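All figures in this text were calculated on a predicted structure; none of them were measured in a lab. Note that these values count all heavy atoms, side chains included, but never hydrogens, waters or copies made by symmetry.
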Amino acid sequence: LTPSKFSYRANEQVLVTVQVKNTGSADAGPFWVDFYINPQLPPTSANVPWNTVCGMTPCYGIAWEVKGRWKAGKIITLPSTANSYSSGYTNWTGSLPVGTSDLYVYVDSWAGYNNPNGAVNEIDETNNRGEIHGLQVTP
């Protein structure tokens, strides 16, 4: 999870990129990746989409649908640019709201509530979260 810097003004454009690597020994996918802005509760497992734990009003976040199968060792980069995310599950203006301080990303964030491990069953389900703390967004 990488914002372009750590201090912003309101309405300043922000490019967020998420880099995901298949560290397993088998193909993985398809799966979802969610980006959370100041969630009430940080994501700790699958099936917690960004909009279900939103801590701000209005609620902003991004959901990327990663389609297809990804080979072991493959790295993908997900940007916060238009047409890169699933617009039906995203509320993103291109900037961070005033007061933003904590950002999270969770890989394999959604598979329907019937699978507690998300869409991809992994040897290590604990390494799916990235986080950044201490951002400053001022008026």
Side-chain angles (χ1 to χ4, degrees):
L1 170 63
T2 308
S4 45
K5 58 184 184 173
F6 286 89
S7 179
Y8 297 91
R9 303 216 23 99
N11 301 313
E12 181 178 348
Q13 290 297 293
V14 176
L15 175 63
V16 175
T17 57
V18 176
Q19 200 169 66
V20 180
K21 181 178 182 179
N22 179 353
T23 60
S25 58
D27 292 356
F31 55 91
W32 287 86
V33 177
D34 277 27
F35 172 66
Y36 308 73
I37 302 170
N38 281 357
Q40 290 174 331
L41 297 170
T44 58
S45 64
N47 301 321
V48 183
W50 67 267
N51 60 333
T52 64
V53 292
C54 188
M56 303 181 86
T57 302
C59 189
Y60 296 102
I62 300 174
W64 291 275
E65 182 179 14
V66 178
K67 298 178 180 181
R69 305 290 295 170
W70 298 94
K71 300 276 184 202
K74 180 167 176 113
I75 297 172
I76 58 171
T77 301
L78 306 171
S80 63
T81 54
N83 301 316
S84 69
Y85 46 78
S86 179
S87 60
Y89 298 100
T90 295
N91 188 16
W92 175 247
T93 63
S95 61
L96 296 168
V98 171
T100 297
S101 60
D102 296 318
L103 305 177
Y104 294 87
V105 65
Y106 200 86
V107 177
D108 200 13
S109 58
W110 175 251
Y113 293 110
N114 59 346
N115 188 345
N117 292 326
V120 179
N121 289 321
E122 305 164 56
I123 292 171
D124 184 0
E125 293 282 351
T126 64
N127 65 352
N128 292 352
R129 184 170 94 180
E131 55 195 83
I132 294 176
H133 303 281
L135 252 65
Q136 297 177 11
V137 181
T138 57

* Asked: Would a 4.5 Å heavy-atom cut-off, applied to side chains only, mark Asp34 and Pro43 as touching?
  -> no

* **Pro42 and Glu131, any side-chain heavy atoms less than 4.5 Å apart** => no

* Asked: Is there a donor-acceptor pair closer than 3.5 Å between any side-chain N or O of Arg129 and the backbone N or O of Tyr106?
  -> no

* Evaluate the side-chain proximity of Met56 to Thr100: yes if any heavy-atom separation is below 4.5 Å, no if none is. => yes

* To do: Report yes if the distance between the aromatic ring centroids of Trp32 and Tyr89 is under 6.0 Å, otherwise no.
  => yes

* Contacts of Tyr60 that satisfy ring pair (Phe, Tyr, Trp, His ring centres under 6.0 Å) - sequence neighbours left out -> none

* Structure fact -> For Ala10 and Pro139, the nearest pair of non-hydrogen atoms, with its separation, is CB-CA, 4.1 Å

* To do: Assess whether ring pair (Phe, Tyr, Trp, His ring centres under 6.0 Å) is satisfied between His133 and Tyr104, documenting all intermediate values.
  => CA-CA 9 Å; His133 303 281; Tyr104 294 87; 5.4 Å; yes

* To do: Name all residues meeting the side chain to side chain donor-acceptor pair (under 3.5 Å) criterion together with Ser95; count only those two or more places apart in sequence or in a different chain, and write none if there are none.
  => Thr93

* To do: Kindly compute the distance separating CZ (Phe6) from CD1 (Ile132), expressed to the nearest 0.5 Å.
  => 4.5 Å

I'd like a table of donor-acceptor pairs (distance under 3.5 Å, sequence neighbours excluded) in which one partner is a side-chain atom from residues 61-68, with atom names and distances.
{"residue": "Trp64", "atom": "NE1", "partner": "Pro79", "partner atom": "O", "Å": "3.0"}

* Using the side chain to side chain contact (heavy atoms under 4.5 Å, CB included) rule, take Trp92 and Val16 through it: C-alpha gap first, then chi angles, then the decisive distance, then the call. => CA-CA 11 Å; Trp92 175 247; Val16 175; 4.2 Å; yes

* Looking at side-chain heavy atoms only, is the closest gap between Tyr36 and Leu103 below 4.5 Å? -> no

* To do: Might you point out which heavy atoms bring Ser25 and Ala72 nearest each other, and give the distance in Å?
  => C-CB, 3.8 Å

* Structure fact -> Residues Phe31 and Asp108: closest non-hydrogen pair is CB-OD1, 3.7 Å

* Asked: Hey, does Phe35 have a side-chain heavy atom less than 4.5 Å from the side chain of Tyr85?
  -> no

* Asked: Between atom CG of Leu78 and atom CD of Gln19, what is the distance when rounded to the nearest 0.5 Å?
  -> 9.5 Å

* **Spacing of CG belonging to Leu96 relative to CG belonging to Asn11, to within rounding of 0.5 Å** => 10.5 Å

* Asked: At their closest point, which heavy atom of Pro30 faces which heavy atom of Ala119, and how far apart are they?
  -> O-CB, 3.4 Å

* From Ile37 atom CD1 to Cys59 atom SG, the distance as rounded to the nearest 0.5 Å -> 8.5 Å

* Do side-chain atoms of Asn47 reach the backbone of Trp110 as a donor and acceptor pair under 3.5 angstrom? -> no

* To do: Quick one: pull up CD in Gln13 and OG1 in Thr81 and give me the separation to the nearest 0.5 Å.
  => 11.5 Å

* To do: Determine the minimum heavy-atom distance between Ser80 and Val14, stating which atoms define it.
  => OG-O, 3.7 Å

* To do: Measure the shortest side-chain to side-chain distance between Val18 and Thr77 over non-hydrogen atoms and say whether it is less than 4.5 angstrom.
  => no

* To do: Report the C-alpha distance between Asn127 and Glu122 in whole Å, list the side-chain angles of each, state the deciding distance to 0.1 Å, and finish with yes or no for side chain to side chain contact (heavy atoms under 4.5 Å, CB included).
  => CA-CA 10 Å; Asn127 65 352; Glu122 305 164 56; 4.0 Å; yes

* Asked: Is it the case that more than 12 heavy atoms not belonging to Asp27 sit under 6.0 Å from its CG atom?
  -> yes

* Asked: Between Thr90 and Ser86, which heavy-atom pair has the shortest distance, and what is it?
  -> OG1-O, 2.8 Å

* Hey, are the side chains of Val120 and Asn22 touching, using non-hydrogen atoms and a 4.5 Å cut-off? -> no

